[in-house]
Amino acid sequence: MKLHEYQSKRLFAKYGIPIPRGRVAATASEAKLIAEELGGRVVVKSQVLVGGRGKTGGVRLAHDAEEAEDLATQIMGMKIKGLPVRKVLIDEAANIRTEIYLGVANDRRARCPVMIASAEGGIEIEEVARTMPEKIIRLHLDPTQKLRRYQSFYIAQSIELPRDLWRDFYKIAYGLYEAYLNTDANLAEINPLVITDDGRLLALDGKMVLDDNALFLHAELEEMRDLDEEAPEERRARMYGLSYVKLDGNIGCMVNGAGLAMVTMDVIKLFGGEPANFLDIGGGAGAEKVSAALRIILSDPNVKAILINVFGGITRCDEVARGVLSALEEMESNIPMIARLVGTNEEGGRRLLAKSNMITAISLADAAQKAVAAVKKGDAE
Amino acid sequence: MKLHEYQSKRLFAKYGIPIPRGRVAATASEAKLIAEELGGRVVVKSQVLVGGRGKTGGVRLAHDAEEAEDLATQIMGMKIKGLPVRKVLIDEAANIRTEIYLGVANDRRARCPVMIASAEGGIEIEEVARTMPEKIIRLHLDPTQKLRRYQSFYIAQSIELPRDLWRDFYKIAYGLYEAYLNTDANLAEINPLVITDDGRLLALDGKMVLDDNALFLHAELEEMRDLDEEAPEERRARMYGLSYVKLDGNIGCMVNGAGLAMVTMDVIKLFGGEPANFLDIGGGAGAEKVSAALRIILSDPNVKAILINVFGGITRCDEVARGVLSALEEMESNIPMIARLVGTNEEGGRRLLAKSNMITAISLADAAQKAVAAVKKGDAE
Amino acid sequence: MSILIDKDTRLLVQGITGREGLFHSNKMMNYGTKIVAGVTPMKGGDWVLNGKVPVFDTMKRAVKATGANCSVIFVPARFAVDAMLEAIDAEIPLIVCITEGVPIQGMMRVCNYMDHKTACLIGPNCPGLITPGECKVGIIPGDITEQGRVGVVSRSGTLTYEVLYALKQHGRGVSTCVGIGGDPINGTSFIDILGLFEGDPNTDRVVLIGEIGGTDEERAAEYISDHMTKPVIALIAGKTAPPGKRMGHAGAIIEGGSGLAADKIRVLKNAGVAIAEYPEQIPELID
Amino acid sequence: MSILIDKDTRLLVQGITGREGLFHSNKMMNYGTKIVAGVTPMKGGDWVLNGKVPVFDTMKRAVKATGANCSVIFVPARFAVDAMLEAIDAEIPLIVCITEGVPIQGMMRVCNYMDHKTACLIGPNCPGLITPGECKVGIIPGDITEQGRVGVVSRSGTLTYEVLYALKQHGRGVSTCVGIGGDPINGTSFIDILGLFEGDPNTDRVVLIGEIGGTDEERAAEYISDHMTKPVIALIAGKTAPPGKRMGHAGAIIEGGSGLAADKIRVLKNAGVAIAEYPEQIPELID
């Protein structure tokens, strides 16, 4: 679960990290009010869960409250990478001397957290990693210990931070690691962490990504979820415990298991088709879940054919068939469907689907080829 | 640093451990007031930093507030193992079904904390260890992790706690381990942890010993130190950074280094004498510290001879001599003194002491023999 | 005859009284696996699986009473970290965690704790292991594979079944199949299992089923080119997955340019590994 | 010629700019020890000891720049845990912590952390080591001992000096003397050092200086009777110490019947160790 900038920074502040004064606004007049309270120049920042807001004009400087109101109006009318802007953060403007990057992330390979820092802040760290890898400092951390002073000093020295800021930097790095640990984050980053022209460290922008699997430990954080920021079909999928990612193609896929679902997509592509989505119904899905999955696929207007690939283990093929039939009862559809059911109760599943107008396949390659052919046939007609 | 029962239990309560309602009183009338507030039967418990208060009449049951006042008066007039009772804890009386022991201590050998439990509560755990070692359950804990539920269940099962109390027991064991970790304790114990006759777990008595070396991390705990509970000479020694333990013999000892100080005592005993104290002036002690040390020894009326054994390393023998002379200027004394100074600036030290009326020795054995002889000579006169 | 599990495996099931635990315990027992104990806190003293298997409250008691040498975990995600730590503390040498959705930082703590110990952990979020004809630990359907000389190691679940099924269709049996799980942080990695297969006299060749995300396949490639004499065939899922999106498996997110299927396939090819485009190709590549 | 330290030891001093650190660094350098670096946070770039030794802000930098292979810690007690962890992280193979008064739970965390690593830690609260004529690390006075063939290992400070002095008075030199420190929880124990002496061709016999508290001497006795061929002479301090009272050393408290000097002496005698009643007896027992 991604947090908005304002949510991340609120958490940072809780852990003793200095952030600019500021508040979030849902309307332009609210934005004006906040700008008036803050006085002086403010930054109006769109709150959407994508990177690169600055480049698209989603972050603007206002010299006074009136300008802040204008800019808020403009920004809240925007869509950034497809996402409508519903909130803006009004922050007091800072005079920046230097921009630094500081983050904590999971290191899969080392199986522990890693603190990442760079003197090149303000741009995405992936960008720095690509163009100036030598500018990135990495330090593995012990997940059972708090950050030690010497660890922060090592980082501070490596990014050539002036020595008089080391102690403040320690507090910030310590707080960031605490924030990461205490929220079960996958990522906690300050970018940029700036040195202001009066020589203070300030977390100007921040981002946190939380581990969805750990949210049960943090009920208070689950409440921060912004439902508006999910595509409606992805939200529906999540509520049913389905794993769904919308893609640009036209062959809808319904598969049990993530690896098999990805291979199904790969095989569609291999035979000249384009998958419309990734969809994993998980292990042991019942008819209701299957039905919901099929309805989500059917609601995508791009879909020209549907491939159902189920390898029954815990999942029973007859349950899958029942779910498919129930969805088709609700939503009539002429879209060609190819079903390939193998494993537990495979006979029962086939028997049920025999009544419907479904193309069957014996292998995955066979199924994919039939799906691609069905799309071509549809296009030709 | 040992904490009083009432201090320990206050900490326990902070960590979610159920304790009886009650408060501490410094006067009998205060005790009566508290008993009235609590209503019903109360226990009047002397607050002194020694074990076995019960056996000496320092813990009594009162049936009403008047009796509580009477008992408080009696108990506050007592001395328990030499310590005057200055405070009593008035706790609501519990109806006890079973008494359990639960503690966390340092395991030196395993170099980690160990949780200790026994179904035989209410008596000192050392006593249980001696008489019923098979009744003691030990579980090593990871100092970087919190207590896990399965660990507490293992203990609960091992001491045959009824299963319906396991979840409550987990909370208590978890809280006790947190209390131990968060205060840098050497020992945190609940004894007895009782099951009341209505089936609840309750920490009836508690004891905590904190690590003096870690108190700098816990300013709020340092304030709990009860200065009245230290022998005045030990307190004075502590203030000077000296390590002093009063003993029953008559040969005072002043030595640099704990190991050497113990061997000095051993050698005195070997040659037929009895050490009056253990005293380590530490490494690199200056004249002022040495002077304070000697004055503490001289203030012990049992002392009939004094042995000064210094092996100079960081400690300089001339500094020691200067300290000795300055103490003797302040407190005149006819007690025979034997000095054995070796190592850094040994010549200078000897030269300074030559002016005083001091017996010198070349080796530790020699010095001890001379000290014993001096006492015998004094006794004969 | 196999790696990690065989007919002498004495299995303990953590969470045996739960719906999933009981269902799969039945399947494992029917397959011939020796299930010697179950553990569910507060249920100690019960007997399950037609009164054949005793349930204990704690791992220590269960291991002491039954001599279990392998544990499989079916507890809900919120209890899985505890279950793994308890199994490590009880000195179980092989721990298999089927549970999906374990918090990542919890796994970091488990791995950190394991570094002090000698236990081997498979999973979490994995289908478990099967040594056909001898023993099955986990949820791999028993009837889709048979005894043979191909070793299979996989980060996936049903995709593994698909491969086992394709092998069987072509008359190929399996020495042992190990599902190491699809989470970003897990216990045993590809190279651990490849090493075991390399040393197993009953394994002739190895099928490796990988997917996007992480660098496990890259490390496997390095290991294969340095240490493996037996042929390896690989299938990598996720060639069409768009970067930055999570494809079901918590491990299958492509982070900042690394972890791409194309990169993995390239290094595996360079290590002499034959690459299958889809499951049915694998038996062809073996022949 | 010795154990742990010799003329090739490249020493780094943590806390070199402090009063104690600087004082003893001078003594060590005058003795002939190669001091290659110092570390004091925020003092990086300075030079000390007549401009001969560079100071660094962090251990990693210092080790990288100078190739230090041994570190001695003189920082105040409140920074000692950090200093040890930093030295471990910098992969210093031999760490000697002189500092007294380190919190016990802090030491537990250090030991727990070390279990993952290969570093050897001597101390805390110890006088350090000396290999006469070659190298001294810590605060043992250089002039009270000379080169020879007796190995000395001790939990004490000045009592060690007393023994070294007594040996020298009787013409006995020392191969290496190791003070392992008097704290209840420390790094290296008696048996680690006994094993090194047993394997050292330049050590003929070993003097062990123990004291009340803990079970280190008992474990040493077991080790001696199982593994040592060289004669061992022991001196145990605290025969007259009353139980339950702390005798200066945090380790020297007698807990619940165990840790008594009499018990330690008995098991050591049973292991064939000669027991000295006081320091001057040791040279006699060696002859």
Side-chain angles (χ1 to χ4, degrees), chain B residues 16 100 102 104 106-119 133-178 181-182 195 199-201, chain C residues 12-17 37-46 54-66 68 71 73-92 95 97 99 102-103 105-117 119:
Chain B
I100 294 162
L102 184 68
V104 186
N106 303 332
D107 188 319
R108 296 175 59 145
R109 180 162 183 170
R111 309 198 296 189
C112 67
V114 60
M115 186 164 271
I116 302 166
S118 174
E134 75 288 354
K135 290 278 188 184
I136 293 186
I137 304 302
R138 286 184 180 80
L139 186 71
H140 287 138
L141 300 178
D142 185 323
T144 68
Q145 305 260 5
K146 292 171 189 294
L147 190 78
R148 295 278 169 178
R149 205 181 60 144
Y150 69 86
Q151 295 174 313
S152 75
F153 282 7
Y154 169 74
I155 291 172
Q157 183 168 49
S158 302
I159 60 171
E160 288 169 3
L161 195 71
R163 212 186 257 164
D164 59 338
L165 290 174
W166 286 13
R167 286 185 209 282
D168 289 340
F169 181 77
Y170 172 42
K171 282 183 206 144
I172 291 170
Y174 181 93
L176 188 65
Y177 191 45
E178 287 296 285
L181 288 178
N182 291 346
I195 307 178
R200 291 173 303 117
L201 285 166
Chain C
L12 182 159
V13 182
Q14 289 178 259
I16 198 167
T17 59
V39 166
T40 301
M42 319 295 256
K43 295 262 173 86
D46 287 5
V55 180
F56 297 84
D57 289 301
T58 63
M59 289 293 289
K60 278 202 183 181
R61 284 288 173 108
V63 172
K64 202 175 167 190
T66 65
S71 174
I73 295 172
F74 283 103
V75 304
R78 62 178 62 213
F79 300 123
V81 167
D82 256 47
M84 284 182 263
L85 292 173
E86 187 175 6
I88 296 166
D89 272 348
E91 296 178 4
I92 291 271
I95 303 160
C97 184
T99 307
V102 180
Q105 289 192 15
M107 275 312 297
M108 287 180 182
R109 282 189 291 274
V110 170
C111 291
N112 185 282
Y113 193 66
M114 280 220 305
D115 283 350
H116 303 253
K117 320 275 173 178

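Lettering of chains follows the sequences in order, A, B, ..., and the numbering in each one begins at 1.
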### Message
Using a 3.5 Å distance criterion without hydrogens, assess whether the side chain of T99(C) forms a donor-acceptor pair with backbone atoms of A77(C).
### Response
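Not confirmed, T99(C) side chain does not pair with A77(C) backbone.
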### Message
Using modelled atom types and a 3.5 Å cut-off, is there a donor and acceptor pairing between side-chain atoms of D57(C) and backbone atoms of G44(C)?
### Response
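It does hold such a pair.
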### Summary
Given R61(C), E86(C), M59(C), the one with more heavy-atom pairs under 4.5 angstrom with chain B than any other is E86(C)
### Atom of A119(C), atom of M114(C) and distance for their closest heavy-atom approach
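Minimum heavy-atom separation between A119(C) and M114(C): O-SD, 4.1 Å.
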Region of [X] in contact with chain C, defined by heavy-atom distances below 4.5 Å:
X       : value
I155(B) : neither
D142(B) : side chain
S158(B) : both

### Query
Using non-hydrogen atoms only, which part of R109(C) is less than 4.5 Å away from chain B: side chain, backbone, both, or neither?
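Contact with chain B involves both backbone and side-chain atoms of R109(C).
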### Task
For E134(B), look at atom CD and say whether over 12 heavy atoms of other residues, nucleotides or ligands are found less than 6.0 Å away.
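Enclosed: over 12 neighbouring heavy atoms sit under 6.0 Å from CD of E134(B).
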### Note: R148(B)-D89(C) ion pair, threshold 4.0 Å (strictly below)
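Looking at R148(B) and D89(C), the cut-off is not met.
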